[in-house]
Amino acid sequence: MSRWLLKTEPSEFSIEDLAARGEEAWTGVRNYQARNFLRSMRPGDLALIYHSSCARPAVVGIGRVQSEAFPDPTQFDPESPYFDPRSRPEAPRWYAVNIAFERRTERPIALAAIKAQPALAADFPLTRRGNRLSVMPVTEAQWRAILALERVR
DNA sequence: GCCAACGTTGGC
DNA sequence: GCCAACGTTGGC
C-alpha cells in the first residue's frame with residue numbers, strides 16, 4: 001500500500017464535501033508529474049487530504065483510493081473549466097481516481113506545524129519552497145510524523 | 001492583494 | 001533545443 005497527499009481548495013471541494021458525498025472522482029489534475037502519481041495509485045492506498053489556497057492551509061483528513069486511474073472525463077467536456085481541447089479520447093492526457101472518505105483528522109494539521117517538524121522540513125514536496133505539486137507521494141515515516149501532530153497541543 | 005516560484009508555450 | 005515571456009499556484 002502506498003501513501004499520498006492530495007491538495008484541494010476548500011472553496012472548490014473540501015473535506016466536508018468529501019465526507020458528505022462519501023466518494024468523489026478526483027478530477028482536474030493538469031500537471032504531468034501529478035498525473036503520473038495518480039496513475040501509480042492502487043485501490044486501498046491512503047491519502048492525506050490537504051486544504052490549499054485558503055486562510056489555514058492544513059491536512060484535514062484521510063481518503064482511500066477506490067479505483068485504478070481512469071481518463072478524467074472533464075478533459076473532454078467543453079463546459080468544464082478543466083476542458084483540454086488538445087486531448088483526444090483515444091489518447092487521453094489526464095487521469096483521475098475515485099477517492100473515498102476515510103475520516104477527518106481530529107483537528108487540522110496546519111502547514112506551519114508540519115514545517116516546524118524537523119523530520120518533515122527536508123525532502124517533502126509540500127514543505128519545499130514554491131511547491132505546486134497537487135498530488136505527491138508520502139513515505140511511511142512522513143505519514144506517521146504528520147499524523148503524530150494530530151494529538152499535539 | 002502581493003509576489004516568488006514554478007510549469008508551459010512558442011519564437012527562433 | 002534554448003530560453004524569455006507568460007499564466008498559474010499558493011503562502012502570506
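Numbered from 1 within each chain, the chains take letters A, B, ... in sequence-line order.
Across all strands shown, R30(A) has no heavy atoms under 4.0 Å from either base or sugar-phosphate atoms.
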Intermediate values then yes/no, side-chain contact (heavy atoms from CB on, under 4.5 Å), T8(A) and E24(A): CA-CA 12 Å; T8(A) 183; E24(A) 183 74 3; over 6 Å; no
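Judged by distance alone, with hydrogens and angles left aside, the side-chain atoms of N131(A) form no donor-acceptor pair with the main-chain N or O of R128(A) at under 3.5 Å. With hydrogens and angles disregarded, no donor-acceptor distance shorter than 3.5 Å links the side chain of S80(A) to the backbone of D77(A).
Under the side chain to side chain contact (heavy atoms under 4.5 Å, CB included) criterion, R30(A) pairs with D72(A), T74(A), Q75(A), Y82(A), W94(A), sequence neighbours left out.
Nucleotides of DNA chain C with any atom under 4.0 Å from a heavy atom of chain A span, from 5' to 3', dG7(C) to dC12(C).
Interatomic distance, L18(A) CG to I49(A) CD1, rounded to the nearest 0.5 Å: 6.0 Å.
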